[in-house]
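See structure below.
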Amino acid sequence: MVAELGNFALILALCLALAQSVLPLVGAQLGNARLMRTGRFLATGQFVFLSLSLAVLTWAFVVDDFTVRYVASHSSLTQPLIHKVTAVWGGHEGSLLLWVFTLGAWGAAVAYFSQSLPREMLARVLAVLGMVCVGFIAFTIFTSNPFERVVPGPVDGRGMNPLLQDPGMILHPPLLYMGYVGMAVVFAFAMAALLGGRLDAAWARWSRPWTTVAWVFLTLGIAVGSWWAYYELGWGGWWFWDPVENASFLPWLTATALIHSLAVTEKRGGFKVWTLMLAIITFALTILGAFIVRSGVITSVHAFATDPERGVFILGMLTLTLLGSLTVYAWRAPRVGLGGAFGWYSRESLLLANNVLLTVACTAVFIGTLYPLALDALGLGKISVGPPYFDTVFAPVMLPLLLLMGLGPSVMWKQANPGETFRQLRWVLAVSVVGGGLWPLTLGAWRPMTALSLMLATWIVLTALLDMHKRMGSARQPLPARLRKVMRPSFLGMHLAHIGLALIVVAIAMVNTYEVERDVRMQPGQSASAAGFDFTLLRMETVRGPNWDADQAVVEVQRNGRLVATLLPQRRYYDTQPQNPMNQASLHRAPTRDVYVSLGERLVGDAWSFRLYYKPYMFWMWSGAILLSLGGLLAACDKRYRLARNRVVRPQRRSDEVTARAQEATG
């Protein structure tokens, strides 16, 4: 009966979502305070029932209830407890339940943390979120129910995919879903603003923290997934332009543009129409990502489902979302206006160029991802679009974007003087060109594209430091007072995020140019070399894990006769799926390089195949991702959003309370 309780809770959540999508919207239209207040309670109740449903499914995994079909397909008696818990979202049905739970959590957060918004605005936001919840909860119940029974249940389950039995499974899907689903909040704010006709600076100020927090989660989810692929799969790569990877990258690009566009809307009243369109596109791309992963149109290590009927359901949701939102947009957007004018050289114009470049990059990735799928669906043949295409079209768009990233904070709003900007930044430009140009020589070879990338990364860091120095003001002031000027979260967060991206650019440039990869054959006692490191296979041994056996190599790594590390790569054979061995690579990390060994198959006699890697500056990749996310989090936590919002809406709240009391008196 426990599984039925989870299913019943899911049905109740759907009923509450239906009510949430109607009652607050009607209340906002009629000015009925009671109906508007229902949105908060319905969102909270929906979250409670979705939490109960997820808890029930988790309990079924913990107690090995193999009469639940989904549990039998993704768990086993010998599977460690941590992997039983992560198996909850290790397949299509459970991951979709995690998705709707996350959607419910975002709705409850909006209901709780946005109480100072005007009631009409909050009611419309929660109503739009309710509509989104209806679609995804209905999809879960009617096409992907994780509580289906199989009677009699098997004695033991099939076990989770060995690839997913990794600590990365704890963080990657929840973080990614928090980012994906958070874009629904951004969409809801945009739709609420359109429906209410309130598209002023206050709307942008309310939206910015939610947009930035969702972007932070999406950034962390992508970064953790990249790290997981890097150390787990043994391919030595961190990004493969896989369609599912691209599905998460597309909304990240448009959300990045949206963050910058919202800044202009809030501070200068510009880009209003474009900002609304970016919010709609970003949310639509998250639904498109769900379609790519769950429709069966691709075969990938990331794909969850192969049922075309599910794909049709999601495609219908995407169509309804686009038709509905674009209809409202066409109806309301012409009344918004274009906002304030600005000169050809100003911070607004540079942010506009930033938006255009990010949109072009998104379009290029979108075409490369969807074009092969469209050809296949139309029966026009199969083609493969891989890294050469994406590298060719993506890099030329990103390079000018990096230049603008360093230039933008130094340029005034409205109208600026190019000559004055050059005067302020000429020494920074000179140091960036010389330093970035000479940097590749430290690794023994000079490449033009690598040097250009390092110049731009240096440019971003130096312009950020210069802007901080200028913000601190005169050295005559006390140091604590000067530091407080640069410690404003939004200002500091912006520059930390830019510096983080610069570190990622350095890592990409270095590893793509100077990495070394060798496939070798070794038997105990033999050695091989790569990038100045000597790898010696000391011995092979067999080890036992909680639910797997493994062949483990003991490899000693030396450089110039000095011991660097002893690495232990494994080839694991899981109890439930011994026919699918998994490679567990072993790494030694340092600030400027990774040494990486992956164990392959057994060859004739005592010999084994190995893959040896030297990866320069990979530590900067992950450090940059952390700084990027930390910068976004700092920007979202700036208290001026809350203070300004309270000042704007306090009179409106008093008016709402008077209206509510009057209605109750006449009621």
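Here, residue 1 is the first one in the sequence, and each next residue gets the next number. These figures come from a predicted structure and were not determined experimentally.
- Residues Asn145 and Asn7 have side chains in contact (heavy-atom distance under 4.5 Å, counting atoms from C-beta outward).
- Listed by chain and number, the residues in a salt bridge (Lys or Arg N to Asp or Glu O under 4.0 Å) with Arg559 amount to none (sequence neighbours excluded).
- In this view, Phe535 satisfies the ring-ring contact (aromatic ring centres under 6.0 Å, His included) rule with no residue, not counting sequence neighbours.
- With a 4.5 Å cut-off on side-chain heavy atoms, Leu443 and Pro616 count as touching.
- At a threshold of 4.5 Å between non-hydrogen side-chain atoms, the residues Met582 and Tyr574 count as touching.
- The backbone N or O of Phe366 sits nowhere less than 3.5 Å from a side-chain atom of Tyr371 that would complete a donor-acceptor pair.
- Shown here for Thr254 and Cys362, the closest heavy-atom pair between the two residues is CG2-SG, 3.7 Å.
- A salt bridge is defined here as a Lys NZ or Arg NE, NH1 or NH2 lying under 4.0 Å from an Asp or Glu carboxylate O, and Asp551 with Arg571 fails to meet this definition.
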Tell me, with the steps shown, if Arg572 and Gln570 meet side-chain contact (heavy atoms from CB on, under 4.5 Å).
CA-CA 6 Å; Arg572 293 181 179 178; Gln570 296 176 343; 2.8 Å; yes

Yes or no on side-chain contact (heavy atoms from CB on, under 4.5 Å) for Phe147 and Leu97, after CA distance, side-chain angles and deciding distance?
CA-CA 10 Å; Phe147 298 105; Leu97 181 60; 4.2 Å; yes

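- Scored by the side-chain hydrogen bond (donor to acceptor under 3.5 Å, both in side chains) test, Asn580 finds Gln577 as partners (sequence neighbours excluded).
- Side-chain atoms of Thr566 never come within 3.5 Å of backbone atoms of Glu556 as a donor-acceptor pair (strictly under, hydrogens ignored).
- Annotation: Trp227 is not in aromatic contact with Trp238 [ring centroid separation under 6.0 Å not met].
- Taking 4.5 Å as the limit, every side-chain heavy atom of Arg521 sits out of range of all side-chain heavy atoms of Ser609.
- Asn161 contributes a side-chain N or O that, together with a main-chain N or O of Leu163, makes up a donor-acceptor pair within less than 3.5 Å.
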For Leu50 and Ile137, run side-chain contact (heavy atoms from CB on, under 4.5 Å): C-alpha distance rounded to whole Å, both residues' side-chain angles, the deciding distance at 0.1 Å, then the answer.
CA-CA 9 Å; Leu50 290 173; Ile137 297 175; 4.2 Å; yes

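- Within the 3.5 Å criterion, the main-chain N or O of Ala223 finds no donor-acceptor partner in the side chain of Ser226.
- In this structure the side chain of Met621 never reaches within 4.5 angstrom of the side chain of Leu503, judged on heavy atoms.
- Looking only at side-chain heavy atoms (C-beta outward), Thr86 and Leu164 stay at 4.5 Å or farther from each other.
- When Phe610, Tyr231, Tyr230 are each tested for a ring-ring contact (aromatic ring centres under 6.0 Å, His included) with Tyr596, only one passes: Tyr230.
- Scanning for side-chain hydrogen bond (donor to acceptor under 3.5 Å, both in side chains) contacts around Thr102 gives an empty result, with sequence neighbours left out.
- Of the possible polar contacts, one joining the Gln526 side chain to the Gln523 backbone as a donor-acceptor pair under 3.5 Å is found.
- In terms of the side-chain contact (heavy atoms from CB on, under 4.5 Å) criterion, residue partners of Thr78 (sequence neighbours excluded) are, by chain and number, Ser76, Asn547, Asp575.
- Under the side-chain hydrogen bond (donor to acceptor under 3.5 Å, both in side chains) criterion, Tyr617 pairs with Trp439, not counting sequence neighbours.
- Taking the side-chain hydrogen bond (donor to acceptor under 3.5 Å, both in side chains) definition, one finds that Thr536 meets it with Ser527, sequence neighbours left out.
- For residues 52-78, the set of pairs meeting the salt bridge (charged side-chain N to carboxylate O under 4.0 Å, His left out) definition, not counting sequence neighbours, comprises Asp64-Lys84, Asp65-Arg149, Arg69-Glu148.
- Counting non-hydrogen atoms of other residues, nucleotides and ligands closer than 6.0 Å to CZ of Phe619 gives a total of 12 or fewer.
- Applying the ring-ring contact (aromatic ring centres under 6.0 Å, His included) criterion to His74, with sequence neighbours excluded, gives Tyr70.
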Please assess Val365 against Phe390 for the test side-chain contact (heavy atoms from CB on, under 4.5 Å), listing each intermediate value before the final yes or no.
CA-CA 7 Å; Val365 176; Phe390 292 105; 4.2 Å; yes

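- Looking at residues two or more places apart in sequence or on another chain, you find a side-chain contact (heavy atoms from CB on, under 4.5 Å) between Ala565 and Leu567, His588.
- A distance-only check finds no donor-acceptor pair linking the side chain of Thr513 to the backbone of Thr450 [under 3.5 Å].
- Crowding of Trp239 atom CH2: a count of heavy atoms from other residues, nucleotides or ligands under 6.0 Å exceeding 12.
- Residue-environment remark: OH (Tyr389) exceeds the threshold of 12 foreign heavy atoms within 6.0 Å.
- When only modelled atom types and interatomic distance are considered, Asp594 and Tyr614 share no side-chain donor-acceptor pair under 3.5 Å.
- More than 12 non-hydrogen atoms from other residues, nucleotides or ligands lie less than 6.0 angstrom from CZ of Arg518.
- Evaluation of the ring-ring contact (aromatic ring centres under 6.0 Å, His included) rule for Phe136 yields Trp99 as partners, not counting sequence neighbours.
- Of the possible polar contacts, none joining the Tyr180 side chain to the Leu218 backbone as a donor-acceptor pair under 3.5 Å is found.
- Put simply, the side chain of Ser75 does not reach to within 4.5 Å of the side chain of Met160, judged on heavy atoms.
- Between Val213 and Trp106, some side-chain heavy-atom pair lies under the 4.5 Å cut-off.
- Without hydrogens or angle criteria, Ser629 side chain to Ala625 main chain gives a donor-acceptor distance under 3.5 Å.
- With sequence neighbours excluded, the residues forming a ring-ring contact (aromatic ring centres under 6.0 Å, His included) with Phe394 are Trp241, Phe249, listed by chain and number.
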